[in-house]
Student: 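Can you keep this structure in mind? I'll have questions shortly.
The analysis underlying the following values was restricted to heavy atoms, covering all of them including side chains, and did not include hydrogens, waters or symmetry mates.
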Amino acid sequence: MPINVWDYLREYDELRDEILGAVDRVFRSGRLVLGQEGVKFEREMAFYLGVAGGVGVNSGTDAIYIALAALGVKAGDEVITVPNTAVPTVSAIRTLGATPVFVDVREDDFLMDVGQVEAAITPRTRAIVPVHLYGQCVDLDPLMAIAERHGLKVMEDCAQSQGALYRNHQSGSVGHASAFSFYPTKVLGAYGDGGMVLSNDEAVIKLARSLRFYGMETQYYSERHGYNSRLDEVQAAILSLKLPRIEAWIDRRREIAARYDRGLAGTGLVTPRENAHGRHAYYVYVVEHPTDRDGVLERLAKRDINCNVSYRWPIHTMRGSADLGYREGQFPVAERKAQRIFSLPMYPHLKDEEVDTVIDVLRDVI
């Protein structure tokens with residue numbers, strides 16, 4: 001049988017009765033949108049992070065968009081982020097009419113090089129979006145200090161970092177707001193799309209709640225221009241039953257990562273490094289091959305080991321971002337990494353013998 005980079009079917013087999021029970025409960029409730037399941041999950045997520053509140057939305061992309069809007073980002077502003085992220089990070093910024101401004105990433109952990117941020121600030125800068133890529137957090141203390149000196153907002157992109165820790169703080173609890181994705185592949189994944197805005201600032205939560213529902217605070221009366229972005233009751237109910245399990249699932253992810261670390265030692269692959277300031281949740285296990293990444297992937301696929309690349313093209317090199325005016329060579333670390341990285345199979349229900357098969361085949365094809 002092929003070993004895929006991700007699969008949900010074993011999880012579904014384990015949780016099937018509970019999931020179907022939750023779905024049936026929603027269908028029998030008479031309320032499919034903006035009901036008690038959503039309210040319950042918002043409270044549970046906020047409690048898990050240790051923040052004041054959460055607002056469920058339709059997707060992680062919408063979560064970034066609405067969080068930034070609730071923080072006051074508007075058309076014409078600049079938002080500092082990184083080019084080695086998923087397209088949605090930048091798409092959300094641009095949908096607001098704001099301009100993404102990139103800084104490069106660090107060589108050892110793929111995360112924002114905070115030391116480059118201050119030089120990127122201009123009079124138009126309004127916010128910074130650190131992307132907690134692959135399952136661990138950007139170094140937030142110095143970033144928050146920069147933001148405070150310049151009067152900027154920090155919005156954490158936590159799409160890949162549910163359950164990661166930064167100095168014993170949950171990912172998404174340090175900045176002025178955070179955005180989570182519940183896309184099915186995530187550490188906490190729905191069975192469809194979903195996202196959430198979280199913050200310790202009650203005013204941000206109140207505004208995000210209005211923005212996700214046409215700018216309304218009273219039914220049928222819009223206080224401001226808003227959007228239609230609501231986490232539906234079915235997804236909220238499923239996420240609520242999965243949330244208590246994610247600590248055990250992260251432990252399992254870390255076990256798999258440690259098994260890969262041991263098995264791939266001496267292969268010439270660069271394996272992930274966990275920063276001293278936090279806990280890596282291993283949303284994905286990303287390795288680097290310095291010379292023949294695509295050849296290795298092709299040989300693995302022929303042996304039924306299906307891997308992934310996150311991401312092959314830094315945002316500034318894509319045609320869809322050509323109007324931003326960047327050129328290849330401006331962010332050398334992100335560009336070099338994009339040519340070398342690939343993700344090995346990683347999900348909690350992966351079996352030890354499957355991990356060992358991946359290791360054995362990978363050592364052989366290298």
Student: Do Arg293 side-chain atoms and Ile341 backbone N/O form a donor-acceptor pair below 3.5 Å?
Tutor: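 Such a contact is found between Arg293 side chain and Ile341 backbone.
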Student: Mind listing the closest non-hydrogen atom pair of Ala334 and Asp104 along with its distance?
Tutor: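 Nearest pair, atom of Ala334 first, then Asp104: N-OD1, 3.0 Å.
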Student: Would you say Leu241 and Tyr48 are hydrophobically clustered, going by side-chain heavy atoms of ILVMFWY under 4.5 Å?
Tutor: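 Same cluster: Leu241 reaches Tyr48 through Ile, Leu, Val, Met, Phe, Trp or Tyr contacts under 4.5 Å.
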Student: Roughly how far apart are Thr317 OG1 and Tyr326 OH, rounded to 0.5 Å?
Tutor: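 With rounding to 0.5 Å, OG1 (Thr317) is 13.0 Å from OH (Tyr326).
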Student: Ring centres of Tyr227 and Phe213 under 6.0 Å apart?
Tutor: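 Not under 6.0 Å, so no.
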Student: Looking only at side chains, do His150 and Glu118 share a donor and an acceptor under 3.5 Å apart?
Tutor: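 On atom types as modelled, these side chains qualify, holding a pair under 3.5 Å.
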Student: Do Val57 and Arg230 touch side chain to side chain, with heavy atoms closer than 4.5 Å?
Tutor: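 Answer no - side chains too far apart.
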Student: Would His349 and Glu14 count as having a side-chain donor-acceptor pair, cut-off 3.5 Å?
Tutor: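 Yes, because at least one side-chain N or O of His349 sits under 3.5 Å from a partner of the opposite role on Glu14.
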Student: Would a distance-only check, ignoring hydrogens and angles, find a side-chain to backbone donor-acceptor pair under 3.5 Å from Gln330 to Arg327?
Tutor: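 Checking the backbone N and O of Arg327 against the side chain of Gln330, a donor-acceptor pair under 3.5 Å is found.
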Student: With the side chain counted from C-beta on, respond yes when Phe102 and Leu324 share a heavy-atom pair under 4.5 Å apart, and no when they do not.
Tutor: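 They are in contact (side-chain heavy atoms under 4.5 Å apart), so the answer is yes.
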Student: Is there side-chain contact between Thr81 and Ile93, with at least one heavy-atom pair below 4.5 Å?
Tutor: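 A side-chain contact exists here, since the closest heavy-atom pair is under 4.5 Å.
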Student: I'd like to know whether Tyr347 forms a ring pair (Phe, Tyr, Trp, His ring centres under 6.0 Å) with Tyr282, so could you lay out the CA-CA distance, the side-chain angles of the two residues, the decisive distance to 0.1 Å, and finally the verdict.
Tutor: CA-CA 9 Å; Tyr347 53 96; Tyr282 289 103; over 10 Å; no
Student: Output yes when a side-chain donor or acceptor of His132 lies under 3.5 Å from a complementary backbone atom of Val138, and no otherwise.
Tutor: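 Pair found, side chain donor or acceptor close to backbone of Val138.
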Student: Would you say Thr185 and Tyr283 are linked by a side-chain donor-acceptor pair, where the criterion is simply a distance under 3.5 Å?
Tutor: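 On atom types as modelled, these side chains qualify, holding a pair under 3.5 Å.
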Student: Looking at Ser210 and Gly215, would you say the former's side chain and the latter's main chain have a donor-acceptor pair under 3.5 Å?
Tutor: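 Pair found, side chain donor or acceptor close to backbone of Gly215.
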Student: Starting from Val87, can I reach Tyr183 by hopping between I/L/V/M/F/W/Y residues whose side chains sit under 4.5 Å apart?
Tutor: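 Result: no, two separate clusters.
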Student: Side chains of Leu140 and Pro130: closer than 4.5 Å at any heavy-atom pair?
Tutor: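 Answer yes - side chains close enough.
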Student: Between the side chain of Arg209 and the main-chain N/O of Gly54, is any donor-acceptor distance below 3.5 Å?
Tutor: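 Checked: pair present.
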Student: Are Glu335 and His316 close enough, and set up right, to give a side-chain hydrogen bond (donor to acceptor under 3.5 Å, both in side chains), and what steps lead you there?
Tutor: CA-CA 10 Å; Glu335 292 172 32; His316 70 287; 2.7 Å; yes
Student: Under a 4.5 Å cut-off applied to non-hydrogen side-chain atoms, are Cys307 and Ser343 in contact?
Tutor: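 Of all side-chain heavy-atom pairs linking Ser343 with Cys307, none is under 4.5 Å.
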Student: So, taking the atom named OG1 in Thr271 and the one named CG in Leu269, what distance separates them when rounded to the nearest 0.5 Å?
Tutor: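 If I round to the nearest 0.5 Å, the distance is 8.0 Å.
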Student: Do Met346 and Leu9 belong to the same hydrophobic cluster, where Ile, Leu, Val, Met, Phe, Trp and Tyr are linked whenever their side-chain heavy atoms lie under 4.5 Å apart, directly or via other members?
Tutor: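 Met346 and Leu9: one cluster.
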Student: CG of Leu264 to OH of Tyr285: how many Å apart, nearest 0.5 Å?
Tutor: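 Output value for this atom pair is 5.5 Å.
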Student: When rounded to the nearest 0.5 angstrom, what is the spacing between CD1 in Ile205 and CG in Asn200?
Tutor: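 Ile205 CD1 to Asn200 CG: 8.5 Å, rounded to 0.5 Å.
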Student: Please round to the nearest 0.5 Å and tell me the distance separating atom CG of Asp294 and atom NE2 of His289.
Tutor: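 If we round to the nearest 0.5 Å, Asp294:CG and His289:NE2 are 11.0 Å apart.
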Student: Hey, does Pro348 have a side-chain heavy atom less than 4.5 Å from the side chain of Glu11?
Tutor: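 No - every pair of side-chain heavy atoms lies 4.5 Å or more apart.
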Student: So, Asp139 and Tyr166: side-chain donor and acceptor under 3.5 Å apart, yes or no?
Tutor: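 Yes, side-chain donor-acceptor contact under 3.5 Å.
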Student: Please determine which of Tyr134, Phe110, Phe342 meets the side-chain contact (heavy atoms from CB on, under 4.5 Å) test together with Ser310.
Tutor: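 Testing each of Tyr134, Phe110, Phe342 against Ser310, the sole residue satisfying side-chain contact (heavy atoms from CB on, under 4.5 Å) is Tyr134.
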Student: Where do Val174 and Glu156 come nearest, in terms of heavy atoms and distance?
Tutor: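 Val174 and Glu156 have their closest heavy atoms at N-OE2, 3.0 Å.
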Student: How about Tyr220 and Tyr214: are their ring centres within less than 6.0 Å of each other?
Tutor: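 Aromatic pair excluded; centres sit 6.0 Å or further apart.
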Student: Side chains of Asp193 and Ser59 only: does a donor on one sit below 3.5 Å from an acceptor on the other?
Tutor: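 No - no donor-acceptor pair under 3.5 Å links their side chains.
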Student: Counting only N and O atoms by type, is there a donor-acceptor contact under 3.5 Å from the side chain of Arg31 to the main-chain atoms of Glu233?
Tutor: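 It does not hold such a pair.
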Student: When rounded to the nearest 0.5 angstrom, what distance separates CD in Glu107 from NZ in Lys337?
Tutor: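 With rounding to 0.5 Å, CD (Glu107) is 4.0 Å from NZ (Lys337).
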Student: Quick one: closest heavy-atom pair of Thr61 and Ala92, and the distance?
Tutor: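 Closest approach of Thr61 to Ala92, heavy atoms only: O-CB, 3.6 Å.
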Student: So, Ser229 versus Asn58: side-chain donor-acceptor pair below 3.5 Å or not?
Tutor: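 No, because no side-chain N or O of Ser229 sits under 3.5 Å from a partner of the opposite role on Asn58.
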Student: Under the 3.5 angstrom rule, does the side chain of Asp13 hit a backbone N or O of Leu15 as a donor-acceptor pair?
Tutor: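 Not at all, since once roles are kept as given, no pair shorter than 3.5 Å links the two residues.
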Student: I'd like to know if the side chain of Tyr260 and the backbone of Leu344 have a donor-acceptor N/O pair within less than 3.5 Å.
Tutor: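 Not confirmed, Tyr260 side chain does not pair with Leu344 backbone.
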